[in-house]
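Residue numbers start from 1 in every chain, and the chains themselves are labelled A, B, ... in the order their sequence lines are given, proteins ahead of strands.
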Amino acid sequence: MTTDFRSNVAQALKQDAVQTHFRTVVDRLRAHRQAALAGDAAFEQLRNRCAAIRADAIRRLPQLLEQFESKAQRNGIQVHWAETTLQANRIVLDIMQRHRATFLVKGKSMVSEEMGVNAFLQSHGIDCLETDLGEFIVQLAGEKPAHIIVPAIHKNRREIAHLMHGHFSELPYSEDIETLAQSARHFMRDKFHAASVGLTGVNFMVAETGTLCLVENEGNGRMCSTVPPVHIAVTGIEKVIARLDDLPPLLNLLTRSATGQPITAYVNMINSPRRPDDKDGPDEVHLILLDNGRSRIAGDPELLKTLHCIRCGACINHCPVYRQIGGHAYGTVIPGPIGAILEPQKQGLDAATGELPQASTLCGACAEVCPVRIPIPAIINRLRWESVRKNQQSQNSRPVVPGAGSRRRPLEAAIWKIWAWCCSHPGIYNRLTKLATRLRNRLPAGMGAWTVARKAPKPARSTLHESLRTMDIDHE
Amino acid sequence: MNDARKAILDRLRLSQYPDSTPVKCDDQNDPVDPVLWPDERIDCFINRMRAVRTEVHDASHDSWLDILHGVCQARSLNNLLVSPHTRRGAMIYAAARRFPALKNYSQSIEDWKSELFTAVDAAVTSAYGGIAETGTVILWPDAREPRTLSLVPPIHIVLLEKNRIYNNLAEAMRIQNWAMIGMPSNVILLSGPSKSADIEQTMTYGVHGPKELIVILM
Ligand code: SF4
């Protein structure tokens, strides 16, 4: 069966150079993280604390969102709610049109990628400029980010040099990283100066104070949220935390898990638009709270752990599948293990991304590194089950994952049923396994997809039960 | 979009479990972060900041003006953006002839945006505090020292009093009681100059914010 995902994977596996480059960068990220955590005995306790903070926030999500909203509004932030990405995009467009803005400067935001805001605004004649260096490179190439922390992870400096030179022919060709970054700075400065609207993501919303916390290294997030007269922040509803005191441990874990830094160059805590005595800052701050399936996910006691994620990217960097196929093959906004559990729940198990839970070896590396202890492999298993489950009208009204049962195939289900029956009937089971050992040389060498890259399995000469009997072991 | 708000909150409330009491996430059982002696704290702060390419000068209440003078001379600055309305700013203005042309952020950004973006060599701000654990300066922008002061000019010089350096962020928030006192429109934690590792995970400095960060301790 060839699906989009499988052909993406086949494509990705052919690109040796890209693959090698991916691995080098991912290895570097892992080494940085490792160095930042080594010998840190308090780390595990910090993880417990952060896991509890996130669990608490998601459990009290409606209360905290309301608390946050009323605080933020009191501070002068305009809060908008959007059930779908289309609604969210319309809110952005509406604000842009009210201010007669012709272009938008954007800081890095995975939620804006989820919304597809660039394409949407473009179709209404508004240009978006990505200002994060990595996002800018990806935008010049007309691609999508391949990693949530390092968007241009798949590009090496030579490709980037060609891209920049191709788009800005006045710039001399250079492969020097510093020169490349300075060219971007130069180009972007005029844009920050001229823009009337800036858009950013949000890392945490603090319910207690109505604060938006934004973490970054380059200063473009500060530019987008400070210089233009209007700042629009977009975020998923799950990013809320209860107290200001919850912020330090989360910030600590987030940056160390992501890149091994003790802290980012900038932690931006936005409390309000410009106040009467302020001389700068935006006159309007809008926050768009996007649902897009999150409130449904919050309805399942196991799956809601997906919403604990703080988007550090550690699971991605440690995933053997991501390492082989890279970010684009997933065909999703968020790749890697977290993407493989989040995207199918949002888009449905019957969508193309519904296949992603299959793309796992269940090695467990993701859960081991996840700072907030999300049991990703358990959720993968659950989603695999959901996708082939038998759909009865459930007695309780709890929503299940959309597309549940869509991958159930009658033949496969029947085979498993028979197998389960055999396993509970020893006489039949013994006869069947004996038959398999006797036919061991006559089994076909080709077994569909399994033997494309592997040899066909060959049963042993005798069954386990027979061997045990010859050894005089018989506990049956 | 009030419908959306209602729909989202209703869905969330519907899916809430009976036991939605807060999960305990207090820090009582947490390991207490090591509390450093003042000297260690300052050393830790200096080392951490230097590790992220920040120039730190360990000055005193008597010597900081000289150090600032030296910093300006070493870079042959043509001008310096600094508020005359802070205590230290006033001292700089009082010694104006030792310094490059002093500029004051006296109007709204709209009235002088071009000049701010193109004609300011360096800016001086005071700090609300420092954090040893991460090598961080806390900025508390106000009408005298607006947000863009520490963002737009290519060089940012911070004046920080040593007795305002805390062990970690949690301690700074607690002692300064941020949740209660009312924070400004924007609080900034600054840990080094602007940087990016977006190209091949190789660090480069001065991407969109200041290229140089200089901290003068006193
Ligand atoms: S699932 Fe865990 S490891 Fe993966 S991005 Fe989210 S917080 Fe980080």
Lys/Arg-Asp/Glu bridge criterion (N-O < 4.0 Å) met for B:Glu145, A:Lys279: no
Chain A contact via B:Ser150 - side chain, backbone, both or neither, heavy atoms under 4.5 Å: both
Engaged part of B:Gln107 at the chain A interface, taking heavy atoms whose separation is under 4.5 Å: backbone
side-chain hydrogen bond (donor to acceptor under 3.5 Å, both in side chains) partners of A:Thr131, counting only residues at least two apart: A:Asn220
Residues A:Asn271 and B:Asn186: side-chain donor-acceptor under 3.5 angstrom: no
Side-chain H-bond candidate by donor/acceptor type, A:Asp278 with B:Ser185, under 3.5 Å: yes
Most contacts with chain A, counted as non-hydrogen pairs under 4.5 angstrom, among B:Thr204, B:Thr148, B:Leu151: B:Leu151
Under 3.5 Å: donor-acceptor pair, side chain of A:Arg185, backbone of B:Gly209: yes
Mutual orientation of the aromatic rings belonging to A:His193 and B:Phe117 [parallel < 30°, tilted 30-60°, perpendicular > 60°]: parallel
Heavy-atom pair of closest approach, residues B:Pro193 and A:Ala265: O-CB, 3.8 Å
Under 4.5 Å from any heavy atom of chain B - which part of A:Thr209: side chain
Closest approach of B:Leu169 to A:Leu251 (non-hydrogen atoms, all atoms of both residues): CD2-CD1, 3.8 Å
Residue B:Tyr205 versus chain A: region with a heavy atom under 4.5 Å: backbone
